[in-house]
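As structure tokens, the structure follows; a few thoughts come after it.
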Amino acid sequence: MSSQKPSIPKGTRDFSPAEMVRRNFIFDAIRNVFKVFGYLPIETPAMENLSTLMGKYGEEGDKLLFKILNSGNYLDGLPDAESGMRDAGSRIQYLTKHIAEKGLRYDLTVPFARFVVQHQNELVFPFKRYQIQPVWRADRPQKGRYREFFQCDVDVIGSNSLLYEVELAQIIDSVFSALGIKVLIRINNRKVLAGIAEAIGAAEKLTDITVAMDKLDKTGIDKVNDELIEHGISYESVEKLQPILNLEGKLKTKFEILTEFFTTSETGRKGLEEMHLVLQHLKELDLVNKFDFDVKLARGLSYYTGTIIEVKALDVAMGSICGGGRYDDLTGIFGLPGMSGVGISFGADRIYDVMNESHLFPDTILASTRALFINFGTAEEKYCLKLLANLRKKGIPSEIYPEPLKLKKQMEYANRKNIPFVILVGKDEMESGLPTVKDMRSGEQRPCSIEEMIKLLS
RNA sequence: GUGGUCGUAGCUCAGUUGGUUAGAGCGAUAGAUUGUGGAUCUAUAGGUCGUGGGUUCAAGCCCCAUCUUCCACCCCA
């Protein structure tokens, strides 16, 4: 019998204790901020009905959904190849629908919308929730791109108020300053983008225009223009767009230029107005990070309708580590129209990679145990067990070495686990009642009374 | 999904035009020190060269397939 080499699926990862301690550091920081702003947690299942997920993320999104094969004889009752479906595409579509009815969730926003509709009568609106769970995408893995990763979502649904945009901006500011990550926060508004498309006379090409504009920083203005032409946008429209692509300078200047630009676009003016209000509030809030109004920011997800926001790390080359926006009618497709929501999502795994590369994790978080009792033998064990219970009652994480091995071995264990204090209780200490406490950092040690010891370890 | 790239000890990597028994550093283990870790010294262990085929007298090296990693596109956290 040949043993198989164990492995895990592409784009997934195991997490060691050292990694988990750090991951939890991120989750805790984010969760604490969410709580302070008055959000409550929910969880939803890893899998959803495929009908809930399909069609919500655009054509590309559908391809990236992990589908779950039905149980049982799922091939029963399926028509054979002769039944009129000649091309492979429609066959696959038909087959998929019949052999897979569930899929792994692609994000947390759509399941949240589904949740809100299903539980609408139990919820208090505006409903503020946070959700920290893994999501799955059948994407090709790359650095910072995984097939299983954690999102930390905060959303509020059931209010149009721009105060929530401001609140989410504050949350972003708090989270990244708590984690010590330097970021660029870009903010824009879908209505501004729609206004631009309208103003250049290509309203129906909104998506193509935004996708192209989003690449400006990466590929340069010529390629962007090429792409626009390729998508069938007229030379005249592209010409009109140039001032927007070159829009730079102070906020005030941007607003002036755009106001002029939007004389023919009601939507554009509305978007500008929203942007103005949000930025006005942020200006007065004394935030750590700067917010940059960037008309080129697009964000692919098609359900956004108002404010959109995206965060990138400044010191590490990585995709966006946080993003989100307002969606006016995400619950409409599930039968609850007129519910406006706004939310953002923190990418925990990318945040981890950024912090790791910039050495932002404090090394103190690695030490879980505060004190180790050295094991000298059965009599001493018995004695130490009581002290140990005492420490644990006081909330001091502590442990005893399981066997009376050579001191060297036990000290090495403490050293490698980053345990800052070692407590030695041998014959002498049992007689005097004063345990020897050793500080592993300085190497100093001295006999302490129980009270002293607790004080030292607390 | 399209095009490319990487894989050699636990980790980081050498390995010549194909040629005997595949190396180094770090780490690990044991000892130098029987109540003291980190530093130093000594010794030891550890590899089906990602996997499966093929070419060859001979493959870590060449060919094919496959898996994985990373990169570009697409898209995104």
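The sequence lines fix the lettering, A, B, ..., with proteins before strands; numbering per chain opens at 1.
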Below 4.0 Å: OP1/OP2 of B:rG31 and any side-chain N or O of A:K406: yes
N or O in side chain of A:K215 less than 4.0 angstrom from B:rC75 OP1/OP2: yes
B:rU17 and B:rC75, which share atom name P, separated by this distance in whole Å: 44 Å
Nearest-angstrom distance, P atom, B:rG38 to B:rA77: 48 Å
Whole-Å C1' distance, B:rC63 and B:rU56: 12 Å
Phosphate OP1/OP2 of B:rU68: any A:K10 side-chain N/O under 4.0 Å: yes
Lys/Arg cation over aromatic A:Y106: A:R137, 6.0 Å, 45° cone: yes
Sugar-phosphate, base or nothing in reach of A:C322, heavy atoms under 4.0 Å: sugar-phosphate
Rounded P spacing from B:rU12 to B:rC74 in Å: 31 Å
Touch class at under 4.0 angstrom, heavy-atom based, for A:I321 against every strand present: sugar-phosphate
Within residues 431-458 of chain A: residues closer than 4.0 Å to RNA chain B (heavy atoms): A:K438, A:M440, A:R441, A:G443, A:Q445
Pair A:E357 + A:K143, salt bridge at N-O below 4.0 Å: yes
Distance below 4.0 Å between A:Q142 side-chain N/O and B:rA72 OP1 or OP2: yes
Verdict with reasoning, A:E381 to A:T378, per side-chain hydrogen bond (donor to acceptor under 3.5 Å, both in side chains): CA-CA 5 Å; A:E381 252 176 40; A:T378 33; over 6 Å; no
Sugar-phosphate, base or nothing in reach of A:G144, heavy atoms under 4.0 Å: base
Whether A:D439 side chain and A:E444 backbone form a donor-acceptor pair below 3.5 Å: no
A:D214 to A:L297 - nearest heavy-atom pair and separation: OD1-CA, 3.9 Å
Interatomic distance at P, B:rC13 relative to B:rG7, whole Å: 10 Å
Pair A:F150 and A:F27, ring centroids less than 6.0 Å apart: yes
Distance-only donor-acceptor check, side chains A:Q142 and A:R140, under 3.5 Å: no
Sugar-phosphate only, base, or nothing, as touched by A:G377 at under 4.0 Å among non-hydrogen atoms: nothing
Sugar-phosphate only, base, or nothing, as touched by A:K63 at under 4.0 Å among non-hydrogen atoms: nothing
Between B:rA45 and B:rA24 - P atom distance, rounded Å: 12 Å
Within residues 355-385 of chain A or reaching into it, pairs that qualify as ring-ring contact (aromatic ring centres under 6.0 Å, His included) - sequence neighbours excluded: A:Y352-A:F361
Span that lies between the C1' atom of B:rA72 and that of B:rG52, in whole angstrom: 30 Å
Sugar-phosphate only, base, or nothing, as touched by A:E429 at under 4.0 Å among non-hydrogen atoms: base
Phosphate OP1/OP2 of B:rU29: any A:R416 side-chain N/O under 4.0 Å: yes
Residue-phosphate contact under 4.0 Å: A:K427 side-chain N/O, B:rG35 OP1/OP2: no
Spacing of the P atoms in B:rU16 and B:rG53 (rounded, Å): 25 Å
Sugar-phosphate, base or nothing in reach of A:Y413, heavy atoms under 4.0 Å: nothing
